[in-house]
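Report on the structure given below.
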Amino acid sequence: MVMVFDGLPIGCIYITILKMNQARGEAWLRRGILAAAAITPFLTLYISKNLFFPYITGKAFLFRILVELMLVVWAGLLVLNWKKYRPQFSAMMAAMIAILVVVGLADLLGVNPFLSFWSRMERMDGYINLLHLAAYFFVLANVLRARWEWNTLFAAFTVTAMGQVIYALMQKAGKIPSIIGGFRVEGTFGNPTYLAAFLLLAFGFSLILMIRARRGWQRWTLAGGMALILITIYLTATRGVMVGLAVAAVLFALVFLWMSRRERGEGIRRGKKIAAMLLILAVGLPALLYLGRGTAIIQQNETLNRLASISLADRTTQARFLVWQLAWRGVEERPILGWGQENFVDVFSKYYDPALYNQEQWFDRAHNFIFDWLTAAGFLGLAAYMFLVGAMAMAFYRYGKRAEDWRGKTEGLVLLSLLAAYLIQNLFVFDNYGTYVGFYALAAYAVWLGRGGEEKDENEFNFQEGQVRRAAGVAGTLAVILIVAGWWSIYQPYRQAATMIEATKLLYSTGSVGSEVRNKFLKAVEINPIGRAEVREQMGKIVNDILNTTMGRQLPKENREAFVKAMLAEMEKELENKPDNLRNRLFLGTIYTRFAEIDKSFLDKGTEHLEEAIRISPRKQQIYFALAENYMKRNEGEKAFQLLGKAVELAPEYHTARANYAFIAAMLGRRDVVEEMTSENFRGEDYAKVGSAYITRQEFTRALVYYEKAVELASNDAGYRANLAGLYLNQGRRKEAIEQALKAREIDPNNYMESVNEFLKNVGE
């Protein structure tokens with residue numbers, strides 16, 4: 001077996017390196033692992049524009065390749081020097097193994113093992129990601145053996161953070177476009193919260209480097225970099241990270257002042273002053289922000305206003321509480337091992353709270369690490385994770401306690417504070433690539449500190465020829481195994497993500513959904529099962545968001561219908577795999593209803609899917625709206641009326657539910673219900689919807705009343721004014737009709753110039 005792999009590239013590399021300079025060959029292999037590890041934070045700067053979910057997929061694919069390369073080199077090192085590189089037992093090692101075992105069982109016994117293992121391209125998480133993160137942790141913990149090696153890794157995080165800072169500042173200056181827009185910066189993460197969380201960990205690593213720096217210019221350079229990191233975190237306006245930083249600062253300052261209360265010396269006195277200032281800032285700034293929240297300076301600054309709005313009554317906070325409550329109901333149903341990773345959406349659908357009507361409609365995370373672990377892997381999973389966190393905290397505490405100089409004690413306290421800040425911010429969000437690599441690097445560093453955190457003997461020993469060949473054989477064999485596995489788990493999903501983007505670009509460049517575009521999507525479906533569901537979902541979005549519009553209905557009929565039928569066929573296959581997928585049920589039911597002109601059977605199929613969706617999630621108003629639309633197309637107005645009445649009962653304050661109920665009531669001539677629904681909590685678009693119902697019934701006088709209210713509340717909507725102009729003309733109020741028509745043309749000349757001119761001509765005649 002060894003002889004077979006002597007000719008493989010990995011085996012050749014091993015033999016070449018070790019034979020060229022046997023005395024330093026082992027060190028070069030270790031440095032190769034360090035180089036790969038140092039690249040991992042830099043991957044956060046990569047945006048894979050040719051892949052689906054460009055801010056996520058490319059980073060994850062490259063990380064997996066790097067980790068597998070590190071594993072191959074480590075395997076050879078284990079053969080060369082088992083005693084030196086073998087995994088040494090520690091609480092953190094045991095915790096990581098426990099996490100792998102418990103989460104593996106949870107995924108296997110969960111509601112969707114395939115999804116739990118492979119995840120989605122939108123997240124690139126799941127058990128496959130956990131395996132790579134665990135491998136990353138084990139390699140770092142057992143290979144990096146000297147302070148300079150850890151400093152190199154932390155420096156990589158620091159330099160990467162500077163790259164993120166520059167990118168974010170250029171976004172703020174308008175030199176680089178932001179995908180989310182607004183006043184918050186998101187860097188190369190595509191999400192301000194992800195950027196802030198990564199910078200939080202990078203700030204901690206920079207602080208460790210500053211503590212260990214021996215030269216003044218190094219400390220000042222790092223201090224300047226940390227200041228820029230804090231400024232950028234401020235520009236993300238991420239409240240969870242800022243709360244975490246504030247709490248960590250208070251914790252650090254209080255413990256440092258208590259520990260050093262009897263200490264003397266110039267360095268200690270300086271440290272006490274810094275700690276006291278930090279405590280004043282960490283407590284004083286939030287207090288000033290809260291007390292001045294009503295002042296103009298805070299109200300007019302979007303970031304400060306967002307920070308000052310932190311409260312239990314805040315809409316986002318209230319939504320989090322509701323999500324956590326429904327998550328707990330899922331935990332009560334499956335408390336031991338949970339639902340498996342990536343299955344929170346099933347919990348969300350089953351226990352949906354109607355009060356979430358004004359929030360995102362498809363939460364796939366609880367946005368709280370405690371509830372995310374509980375729903376994914378139950379109490380056993382949370383216990384395993386907290387075991388790891390507790391072991392890390394204990395390692396940091398013991399390191400600081402036994403340190404003989406102020407640098408070591410301060411570093412231990414910084415690490416404890418950093419861990420606390422990370423956990424606090426993770427109470428309001430969930431991990432992503434940037435925080436994953438930072439956290440698992442921190443965990444590996446805790447293992448090294450737990451062993452003493454001292455420089456290790458770098459002297460190598462002479463290897464026997466057979467030993468070198470065995471190491472090359474093991475490394476080569478593992479490389480072949482990983483290459484074969486990677487072809488299916490990395491390369492094929494990569495091709496799938498790239499093909500999805502190619503298909504989407506082709507659609508927009510040609511303005512068509514003809515056979516070329518359709519076949520490109522179908523090709524992406526067939527490449528690999530891992531991303532199949534997302535390709536199908538993307539096809540559904542095209543049908544719903546493009547082909548269902550006025551422009552979409554102008555496309556060639558045969559192309560449009562062929563794409564819709566292909567998409568429906570693919571989504572039906574997806575439902576065969578998981579019949580209780582609420583999102584797919586609702587998607588399918590809605591599309592069958594809206595494209596019923598293609599096939600008479602579509603309405604019946606739509607009814608079937610939507611009624612099943614209500615069985616799965618009886619409290620989600622969106623399903624009631626879609627089924628009511630289906631009933632109306634079937635001329636079953638009374639059924640739609642009763643259904644929308646139930647939607648209003650679920651959350652009476654939900655204006656869209658009230659507007660839909662009022663619309664159906666107007667269509668059925670139920671004026672009492674219309675007046676009840678429109679008495680409060682109505683927007684311009686809601687009044688316009690009711691007005692359109694009365695136009696359909698040719699009750700123009702009543703329609704006029706509702707369109708006047710619509711224009712009053714949404715004065716810049718040209719469409720409302722154009723409709724109001726027509727209603728005024730119908731009532732013989734020519735002057736007012738002309739005024740509204742002219743205003744519509746002024747607001748939106750591109751769409752209303754010709755139609756208003758024609759209208760004015762007709763009015764004149």
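Ala626 approaches Thr590 most closely through the heavy-atom pair CB-OG1, 3.7 Å. The two residues Val543 and Ile591 come nearest to each other via the heavy atoms CG1-CG2, 3.7 Å. Closest approach of Trp339 to Val331, counting heavy atoms only: NE1-N, 4.5 Å. Listed here is the closest heavy atom pair of Ala106 and Ala377: CB-CA, 3.8 Å.
Using a cut-off of 4.0 Å between Lys/Arg side-chain N and Asp/Glu carboxylate O, Lys573 and Glu570 are scored as salt-bridged. With respect to the salt-bridge test (charged N to carboxylate O, under 4.0 angstrom), the residues Glu597 and Arg553 qualify. Comment: Lys689 does not engage Asp686 in a salt bridge, judged by the lack of any side-chain N to carboxylate O separation of less than 4.0 angstrom.
Residue Arg365 is tested with Glu122, Glu360, Glu342 for a salt bridge (charged side-chain N to carboxylate O under 4.0 Å, His left out); the sole match is Glu342. Tested against Tyr687 for a ring-ring contact (aromatic ring centres under 6.0 Å, His included), the candidates Phe663, Phe682, Tyr720 yield a single pass: Phe682.
Between the side chain of Asn581 and the main chain of Asn584, a donor-acceptor pair closer than 3.5 Å is present.
At a threshold of 4.5 Å between non-hydrogen side-chain atoms, the residues Phe53 and Met124 do not count as touching. Side-chain contact between Leu582 and Lys620 is present, with at least one heavy-atom pair separated by less than 4.5 Å. In this structure the side chain of Ile490 reaches within 4.5 angstrom of the side chain of Phe61, judged on heavy atoms. Contact of the Gln538 side chain with the Met500 side chain is registered, since non-hydrogen atoms from C-beta on lie closer than 4.5 Å.
At a cut-off of 3.5 Å, with distance as the only test, a side-chain donor of Asp107 or Gln341 sits close to an acceptor on the other residue. Side-chain contact of Gln492 with Gln496: a donor-acceptor pair under 3.5 Å is absent, judged by distance alone.
For the pair Lys605 and Phe602, the cation-pi criterion (under 6.0 Å, within 45° of the ring axis) is not fulfilled.
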